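The first residue of the sequence shown is numbered 1, and numbering continues consecutively from there. As the structure is a prediction and not an experimental result, all values here were calculated from the model.
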Amino acid sequence: MNDSPLHQFGLQLLQSHKIDFKKNDKAFVNHFFAHLDEIEFLFNEIYGGHSKRNEAFDTLLSALILFYQQRPAIFKNKDAAKAKKQNWFLSSDITGMSLYVDRFAGNLKGVQEKLPYFKELGVNFLHLMPLFESPEGESDGGYAVSNFRKIDARFGSNEDLNSLIQEMNQQDMYVMLDIVFNHTSHQHEWAQKAKAGDTYYQDFFYCYNTQDIPNQFNESMPEILPESSPGNFTYIPECKKWVMTVFHHYQWDLNYSNPSVFVAMLEHVLHYANLGVDILRIDAPAFIWKQMGTSCQNLPQAHTLLRLLKQCVLVASPGMALLGEAIVAPNEIIKYFGTDEGIAKECDLAYNATQMALQWDALATGDTRVMLAAQHPIMQKPFGCTWLSYTRCHDDIGLGYDDEMIERAGFNAYQHRTYLKNYYAGWQEGSPAAGALFSVNPKTGDARISGSLASLCGLEKAIEWKSEIEIEHALRKIILMQAMTLFIGGIPMLFYGDELAYTNDYSYLQEADKSYDNRWMHRPIVHWDKNEKRNEVGSYENTIFTATKKMIALRGSLSIVSDLKNMNWMPPHNIHIAGFVRTHENKKLYCVFNYKNTASYLTWYAFKEQGERPSVLHDHWTGKDFKVGNDHEHFVLAPYSFAILETIK
Ligand code: GLC
């Protein structure tokens, strides 16, 4: 604390809230003053000239104090324990699973009953897909929120969530929820009031009387859902206005140039922190700042707002980490960790969407050159931040890396992308994949890919073809993809169903509110009799469940896999094999992955290029030891296989 007017004002505010400076609240007071200047600086960057600046800033500071005061003791203690661990989320003993509560186990109570299942698998972190009230039929899987504080009756009650989180805490599990930060449902109270003509709430959104301004925006704004929801604005007859709706027409974009919007959403964020959220997934952060003449994505102001949010969280609920769901170009994703003086001061985690897509690229082509050519931006991640690593999630797969990366690997970008799309849609001659194209934009030729891990890896078709070899390859591909995700570093997030090789679920076609969105094909309804098959030796479910479980346990036992910025790619020697080496203290772990449908050979020299030369390597996956051979001899990797080799001599 210092003598500046800001600190004096802060002091008065703390006193008026009866903060205990000496004992209980000492740590909070330290955090408050440590971050106060930066909070004001960032707030002024965005709102300095706004007529509501002072009022909004005071409300913000009071909110930090109030939410801290309301924070349950159990989570304050957890904050302190996490602080002791330092960057607790870098550890290799966290493995997550993302799931729809209703599709997985009916409701929240059902999920609570299934906690032993996660334990059996080794999963200790759950991403519960959006749970808050969202209108049926217009919910975008819960990403159109009509009430940020009330659990949707479909999933149970607020008490059910509290009870689940409490139980998870007792079992040392972590939880992630979403804050749908960019937009609300058109049925949210704010939107309803705006529709009824309340100008205070119309200012919460982008509302225009005529199409003039929307047309100007549209000139530079891409369409996100060109098939199911073309355009970026929707006409609202009730208030006779054009409202910005970048995603579906029922999702109204919040206007963050209004400081009241930021403060109101911050309060929801702090409320979620107080529910016991360990990692908050910030949905679609790339979109939160709009400016005419730009793509309205990844703008510098969006980053400033995220940095501001992070500072506020550090004061009121320091144990809660932030995950930015920015599924954008590689050079843009990395900026969500912060840049320049804000480096490592923005999101703690970001989705490694680039690596995820690159693995799908390598799998379809049997060639790892694009993966390697695209690593530069990924490797820029600052120490102390980490990735959310994943093979599949509830969304489509976007081939978001740059054309230039594909070209550097020696391919024609257009042909390469066309091949990948045709391959995963299953149109390519001989392709074993059974996916579909999502959000095809005929104007730009862009398309993304839907399909479950197992179906994209070929299991669905292989079963149909009754082909033993294709089934074998599909199962190997599933394990290979998950292995790379688990060992590359960052928190691995499995998607429910993938641990049991669920193929596409086409039941969504029968549901009017889902049939327009083929992402539902890879969001299965779990059948617990199928899940029981994990115990039947020889079943696909058993093969995949057992392998996944083994990989998770192995990862947990190898602290070298923790994300200590200790990973380097091995120089390529065989285009079918991608490898990286992790080092820590005097340990070294080589992780090598063969993306080819035949055995691939790797010169032993590949293991001798990084510091001291090993003479014996132990493969943690197969349990075998290998004597490192001469440079003209080879380590052999079976089709679609991998090895996790530690130097033991
Ligand atoms: C995120 C979600 C996606 C949703 C979109 C709009 O990208 O992951 O499912 O459709 O945001 O909220």
Side-chain angles (χ1 to χ4, degrees), residues 92 94-97 122 330 351-375 378-379 381 386-393 397 399-401 409 420 424 452-454 456-458 473-495 498-499 501 544 547-556 558 560-563 566-570 572 574-582 589-597 600 602 606 619-622 635 637-646:
S92 71
I94 307 176
T95 299
M97 181 182 280
Y351 277 84
N352 202 346
T354 310
Q355 176 61 26
M356 177 277 299
L358 291 166
Q359 289 177 204
W360 288 106
D361 181 309
L363 195 75
T365 57
D367 188 319
T368 62
R369 279 178 291 179
V370 180
M371 185 187 288
L372 292 178
Q375 289 304 321
I378 304 182
M379 297 299 283
K381 178 179 63 61
T386 198
W387 294 112
L388 201 293
S389 308
Y390 65 120
T391 314
R392 285 303 288 116
C393 72
I397 301 168
L399 305 170
Y401 39 91
L420 294 176
Y424 285 116
S452 76
L453 171 63
L456 293 178
C457 284
H473 278 179
L475 297 173
R476 282 167 171 258
K477 286 195 245 178
I478 295 171
I479 300 169
L480 171 75
M481 291 290 273
Q482 297 291 53
M484 193 157 207
T485 298
L486 278 148
F487 289 96
I488 203 156
I491 298 185
M493 181 64 83
L494 310 178
F495 190 62
D498 290 346
E499 80 284 14
I544 298 303
T548 310
K549 181 175 164 168
K550 182 175 163 189
M551 287 189 280
I552 297 173
L554 179 57
R555 179 175 184 278
L558 296 169
I560 193 169
V561 184
S562 298
D563 190 9
N566 55 341
M567 178 271 214
N568 275 309
W569 288 90
M570 292 162 72
N574 180 332
I575 59 168
H576 309 305
I577 298 176
F580 47 82
V581 53
R582 310 194 69 93
L589 193 71
Y590 299 88
C591 306
V592 286
F593 304 83
N594 176 20
Y595 276 88
K596 182 82 179 132
N597 60 358
S600 294
L602 189 60
D619 181 7
H620 285 284
W621 183 240
T622 57
F635 176 68
L637 275 164
Y640 300 121
S641 75
F642 67 98
I644 306 295
L645 301 156
E646 184 169 353

For the atom pair [atom1] ([X]) and [atom2] ([Y]), what is the distance rounded to the nearest 0.5 Å?
| X | Y | atom1 | atom2 | result |
| --- | --- | --- | --- | --- |
| Leu358 | Leu399 | CG | CG | 9.0 Å |
| Gln359 | Ile488 | CD | CD1 | 6.0 Å |
| Asn574 | Phe635 | CG | CZ | 12.5 Å |
| Tyr390 | Met481 | OH | CE | 11.5 Å |
| Thr365 | Leu420 | OG1 | CG | 7.0 Å |
| Ile575 | Lys596 | CD1 | NZ | 8.0 Å |

Minimum heavy-atom distance between [X] and [Y], given as atom pair plus value:
| X | Y | answer |
| --- | --- | --- |
| Asn594 | Ala638 | ND2-O, 2.9 Å |
| Met356 | Thr391 | CG-O, 3.5 Å |
| Asp367 | Asp361 | O-OD1, 4.4 Å |
| Met371 | Ala578 | SD-CB, 3.9 Å |
| Gly122 | Ile552 | O-CG2, 3.4 Å |
| Leu480 | Ser641 | CD1-O, 3.6 Å |

Please check: side-chain N/O of [X] versus main-chain N/O of [Y], any donor-acceptor pairing under 3.5 Å?
| X | Y | answer |
| --- | --- | --- |
| Trp621 | Leu645 | no |
| Arg582 | Phe487 | yes |
| Asp563 | Gly489 | no |
| His576 | Gly366 | yes |
| Arg555 | Ser92 | yes |
| Asn566 | Ile560 | yes |
| Tyr401 | Val370 | no |

Can you find a pair of side-chain heavy atoms, one from [X] and one from [Y], that are under 4.5 Å apart?
| X | Y | result |
| --- | --- | --- |
| Met551 | Thr95 | no |
| Gln355 | Ser389 | no |
| Leu363 | Leu456 | no |
| Asn352 | Lys381 | no |
| Met379 | Asn568 | yes |
| Phe495 | Leu453 | no |
| Pro639 | Arg476 | yes |
| Phe580 | Met484 | yes |

Next item on the list: Please lay out, stage by stage, how Lys549 and Glu499 fare under the test side chain to side chain contact (heavy atoms under 4.5 Å, CB included).
Entry: CA-CA 8 Å; Lys549 181 175 164 168; Glu499 80 284 14; over 6 Å; no
Item checked: side chain to side chain contact (heavy atoms under 4.5 Å, CB included) between Ile644 and Leu558, intermediate numbers included -> CA-CA 10 Å; Ile644 306 295; Leu558 296 169; 4.2 Å; yes
Notebook entry, point to check: Going through the distances and angles, do Ile479 and Ile544 end up as a side chain to side chain contact (heavy atoms under 4.5 Å, CB included)?
Noted result: CA-CA 7 Å; Ile479 300 169; Ile544 298 303; 3.8 Å; yes
Next item on the list: Apply the test side chain to side chain contact (heavy atoms under 4.5 Å, CB included) to residues Trp387 and Met493: give CA-CA distance (whole Å), side-chain angles for both, the deciding distance (0.1 Å), then the verdict.
Entry: CA-CA 10 Å; Trp387 294 112; Met493 181 64 83; over 6 Å; no
Check: Mind checking whether Phe642 and Phe593 have parallel, tilted or perpendicular rings, split at 30° and 60°?
Finding: parallel
